Each structure stands twice: as C-alpha cells, then as structure tokens.
Visitor: 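Structure below; questions to follow.
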Amino acid sequence: MTALELNHDRGRCAIDIAPGLLDDRSALADAVSGRVLIVTDRNVAAHHLPRVERALAAHRPSTLVLPPGEPSKTLASWTQALDALVDLGAQRDATIVALGGGVVGDLAGFAAASWMRGIRVVQVPTTLLAQVDAAIGGKTGVNLPAGKNLVGAFHQPARVLIDPTTLTTLDGREFRAGLAEVVKYGAIRDAAFLDRLESDAPWLLDRDADRLTAAIERAVRHKVEVVADDEREAGQRALLNFGHTFGHALETETGYTRFLHGEAVAVGMVQAARLGVLLGDLAADDADRLAGLLERLELPTRRPDDVSPAALAEHMKLDKKNQAGRIRLVLLDALGAARVRDDIDPERILEVLEQ
Ligand code: GLY
C-alpha cells in the first residue's frame, strides 16, 4: 500500500492507494467517526456499495443514492444530502463518505463543508479522473443553471481511499478520459512521466493493475505536491488547468453531451501546446509528441470539423478563470514545464482553434 499525506491549512489528509483497499474493512471503518452518511450514485452503488456498507455497519450508516451524472450536481441534491443528515441526527462528529466519481465527490464534499460549518468527509473515488484529481485537494461544489461549479467551498477530505481495482468496472470512455488528466501531470511538471506513459500505453489501456496503480500513484503525488504548495490556487495550482480553458470551450459549445470532460481536456491540451508552438515557446516535435501519446491512449486530439472556431473563441473570452478581461491560459515552454499567461493576442488563439 502507498500512504501519502497532504498537509494543508487546517491539518492533514491521509491518502491511501492500494488495489483491494475497499475489501479492507478496517481501512474504511478507521476513516470515519460518529454517524455516517454514504453518498453515491446508482451505477457505483451496484458495484461497490454493499461492501462499503458492511465495513461501516457498526456506524449504522444511511445511504443517499443519486442518479448518475452531472445533472445530479445541483443545489437540489445538496439539499437532499443535508436532509439525510438531519434524518440521521448527524452531529459535528459525523462523517460523509463520498463513494463515486467527481460529481459525487464534489457534491458530498460540499454537503460536508456546509453541515454545521464543516464535518469530516472521506473520499472514496471510483473513477480514474476522481482518483488522480477531483477527490484530492478539497475543491467542492455544485453547478447552477448559469454555469458549472459556481457555488462551492474549499473543504479538505480527512481521508482519501483509492482502490484502483474499482476501475475494472468503469466504462471504457470514462476510463480513457481519466487518462487525459494523468497525461496532464506529465505535460506540466514531469517529462519523464510522459516517457513512462508512452511505453506503458498498451498496458494502461488494458487496465494492467501494476502499471495502472503506478501511474495513479505518480499522478496523485503530483496533485499532493501542487495542492500542498498552493491550496487556494493563488499560484501554481492554476497550472492544473492546462488544456482546461480550450477544453471547457469545447464542452460548452457541444452542450456537455458530446465530449467527456477528460476528452475535451485532451483536445484542449493539444491546442494549448500548438499555441505554444505558434508563439515560439515550444518545439513542434514536443506538441506532436503530446498529441501522439493522447492518440495512443485513444483520446481525441482535434476540434471536430463541425465545431466553429469562432464560437470556441467566444466561449474562451467568457471563461471564469479570466481576469480583467484577459484570457488566462496555461502554456508549455517544454514538456514538463508550464506557466500561466494572460498576454496572448486573441487572434493567435483563433489561429490555433482553426487548425
Ligand atoms: N482540478 C483542479 C484542481 O483541483 O485544482
């Protein structure tokens, strides 16, 4: 088992990574206190809920099972979670266990952040994206009709339990979309990791337990280092947004139905790399190499022909990460070296979007 620690403003979060961790009843039982509310979704519940409920039986847990997917990330679901805590008679020592992907983790984390001004949350991520990104670092929240993640709070989990074997039942597209976020860590801060991902690509696609666990560990170490240095995103945490401004534009323009988040980020990372080439900062070979790796991982790397570059450019101008009317982008100087820039001429961005 790999045991990592994230030291933050208010204490420390223990992160355990081990295949089979969810079968270890004491790992789960030791992570909670007081009354327990498990928040999950229907798909995840079918595969993993019984053993989590068994492990926590002594705490007489209640369970809130939500419909799967982004439509559950609402204030209405958050109210449901709070109502469940009321029914449970949850006190300040209660725990919410978030069993699922990013939607469940963000929603359950936000309920934990708000109940009695903050109770314990244990993240048990069951998607690759949540294991390497969303479950770590304390960003919680829900969407509003006006936009994604508009309401939320920073609330660090007390514990994160990552069992890579939960990925064996994950839908293939969802799994590959998670690989995009793994590649992201290599692109922004670890070129040697990209070498490893290139050589391991066929095994990763086959979900080989050893290689996948090693990739998750390395990605999680990066996330922990970044968050420990910059919990509130005053500086380098923003580098984790590499590919995300381009990617969000693609998700928005296609109505959040055509691309999974990680798929849009894959396209966005290549567009951001190509912009670096256009600006003379990044070697063309490096951008090609990044695109090649994503293609080997069976991820999209190009804007579909029927998506208008001008419409994408408009969405990028409205991105909520922008400041003082300037588009903020994470660009590469080399593979493994990234920085935030807000001085890019919108015409150059459009040029890349048109490629
Ligand atoms: N998912 C990006 C971050 O946690 O900052």
Side-chain angles (χ1 to χ4, degrees), residues 1-6 13-28 30-31 43-44 47-48 51-52 55 97-102 104-105 122-137 157-228 240 260-262 265-266 293-294 296-299 336:
M1 174 161 86
T2 303
L4 303 175
E5 265 185 22
L6 168 54
C13 164
I15 302 166
D16 295 338
I17 307 170
L21 192 57
L22 286 197
D23 293 316
D24 176 354
R25 289 190 188 193
S26 62
L28 276 160
D30 292 350
N43 291 344
V44 175
H47 294 294
H48 307 299
R51 54 190 166 149
V52 172
V97 174
L99 174 68
V104 163
V122 175
Q123 294 282 352
V124 186
T126 58
T127 64
L128 182 54
L129 188 137
Q131 292 184 351
V132 299
D133 186 15
I136 299 154
R159 193 85 176 256
V160 183
L161 300 174
I162 299 176
D163 180 347
T165 66
T166 58
L167 304 181
T168 54
T169 53
L170 189 63
D171 164 76
R173 255 185 92 192
E174 288 275 0
F175 175 74
R176 292 189 295 278
L179 287 174
E181 298 279 358
V182 175
V183 169
K184 180 187 76 180
Y185 292 108
I188 61 172
R189 61 197 321 267
D190 185 357
F193 191 20
L194 294 177
D195 297 340
R196 171 50 63 98
L197 293 171
E198 277 167 342
S199 55
D200 281 357
W203 287 276
L204 292 173
L205 286 173
D206 273 354
R207 307 186 203 189
D208 172 87
D210 289 345
R211 285 174 165 94
L212 188 53
T213 302
I216 292 169
E217 276 175 22
R218 193 152 169 175
V220 169
R221 280 183 200 280
H222 282 297
K223 177 92 194 228
V224 166
E225 278 174 25
V226 170
V227 175
L240 298 177
L260 297 175
H261 174 69
V265 166
L293 171 59
L294 292 165
R296 288 181 72 178
L297 295 171
E298 299 175 10
L299 283 158

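Bear in mind the structure is a predicted one, so any value in this text is a computation, not a measurement. In this chain, numbering begins with 1 at the start of the sequence shown. Heavy-atom basis, side chains included; hydrogens, waters and symmetry copies ignored.
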Visitor: Apply the test side chain to side chain contact (heavy atoms under 4.5 Å, CB included) to residues Thr2 and Leu4: give CA-CA distance (whole Å), side-chain angles for both, the deciding distance (0.1 Å), then the verdict.
Guide: CA-CA 6 Å; Thr2 303; Leu4 303 175; 4.0 Å; yes

Visitor: Consider side chain to side chain contact (heavy atoms under 4.5 Å, CB included). Of Leu167, Val220, Thr126, Leu21, which one does Ile162 pass it with?
Guide: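 Of all the options given, the one that passes is Val220.
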
Visitor: Would you compute the distance between atom CD of Glu217 and atom CG of Leu212 and round it to the nearest 0.5 angstrom?
Guide: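 These two atoms lie 10.5 Å from each other.
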
Visitor: Should Leu293 and Leu197 count as side-chain neighbours, where that means a heavy-atom distance under 4.5 Å?
Guide: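 Sidechains of Leu197 and Leu293: in contact.
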
Visitor: Would you mind checking if Asp16 and Arg159 are paired as a salt bridge, meaning a charged N to carboxylate O distance below 4.0 Å?
Guide: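 Asp16 and Arg159: salt-bridged.
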
Visitor: Can you find a pair of side-chain heavy atoms, one from His261 and one from Glu181, that are under 4.5 Å apart?
Guide: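 Yes, at least one pair of side-chain atoms sits under 4.5 Å.
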
Visitor: Any side-chain heavy atom of Arg296 sitting closer than 4.5 Å to one from Pro202?
Guide: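 Side-chain contact under 4.5 Å: yes.
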
Visitor: Mark yes or no: Arg207 above the aromatic ring of Phe175, with NZ or CZ under 6.0 Å from the six-membered ring centre and no more than 45 degrees from the axis.
Guide: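 Cation-pi check for Arg207 and Phe175: passes.
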
Visitor: Taking C-beta and beyond as the side chain, do Ile17 and Met1 meet within less than 4.5 Å on heavy atoms?
Guide: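 They are not in contact (no side-chain heavy atoms under 4.5 Å apart), so the answer is no.
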
Visitor: When rounded to the nearest 0.5 angstrom, what is the spacing between CZ in Arg51 and CG in Asp24?
Guide: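 One gets 11.0 Å once the value is rounded to the nearest 0.5 Å.
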
Visitor: Quick one: are Arg211 and Arg196 in side-chain contact, heavy atoms under 4.5 Å?
Guide: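 No, too far: nothing below the 4.5 Å cut-off.
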
Visitor: Taking side chain as C-beta onward, heavy atoms only, is Arg176 less than 4.5 Å from Leu205?
Guide: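 Touching, per the 4.5 Å side-chain cut-off.
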
Visitor: Heavy atoms only: give me the nearest Leu299-Ala266 pair and the separation to one decimal.
Guide: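 Shortest heavy-atom separation between Leu299 and Ala266 comes out as CB-CB, 4.0 Å.
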
Visitor: Any donor-acceptor pair under 3.5 Å linking the side chain of Lys223 with the backbone of Asp133?
Guide: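 Here the side-chain-to-backbone pair exists.
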
Visitor: Determine whether Glu5 and Val224 make a side-chain contact, defined as any pair of heavy atoms from C-beta on separated by less than 4.5 Å.
Guide: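 Not in contact.
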
Visitor: Rounded to the nearest 0.5 Å, what's the gap from CG on Leu179 to CD on Glu174? Could you check?
Guide: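 Those atoms lie 12.0 Å apart.
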
Visitor: So do Gln123 and Leu99 actually touch side chain to side chain, heavy atoms under 4.5 Å?
Guide: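 Not touching, per the 4.5 Å side-chain cut-off.
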
Visitor: Roughly how far apart are Glu225 CD and Asp190 CG, rounded to 0.5 Å?
Guide: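 If we round to the nearest 0.5 Å, Glu225:CD and Asp190:CG are 9.0 Å apart.
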
Visitor: Which pair of heavy atoms, one from Gly100 and one from Ala130, lies closest together, and at what distance?
Guide: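 What the structure gives for the nearest pair is O-CB, 4.2 Å.
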
Visitor: Closest heavy-atom contact between Tyr185 and Leu240?
Guide: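 So the two residues come closest at CE2-CD2, 3.7 Å.
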
Visitor: Kindly give the heavy-atom pair with the smallest separation between Gly178 and Leu128, and that separation in Å.
Guide: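 Closest heavy-atom pair between Gly178 and Leu128: C-CD2, 3.6 Å.
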
Visitor: Nearest heavy-atom pair of Val160 and Ala135: which atoms, and what distance?
Guide: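 In this case the closest contact between Val160 and Ala135 is CG2-O, 3.7 Å.
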
Visitor: About how many Å separate CG of Asp208 and OG1 of Thr213, when rounded to the nearest 0.5 Å?
Guide: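 Here the rounded value is 8.5 Å.
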
Visitor: To check you understand the geometry: which heavy-atom pair defines the closest contact between Ile136 and Gln131, and what is its length?
Guide: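 Closest approach of Ile136 to Gln131: CD1-O, 3.3 Å.
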
Visitor: Once you round to the nearest 0.5 Å, how far does CG of Asp163 lie from OG1 of Thr165?
Guide: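 So the CG of Asp163 and the OG1 of Thr165 are separated by 3.0 Å.
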
Visitor: Could you go through the side chain to side chain contact (heavy atoms under 4.5 Å, CB included) check for Thr169 and His48 one step at a time?
Guide: CA-CA 10 Å; Thr169 53; His48 307 299; 3.8 Å; yes

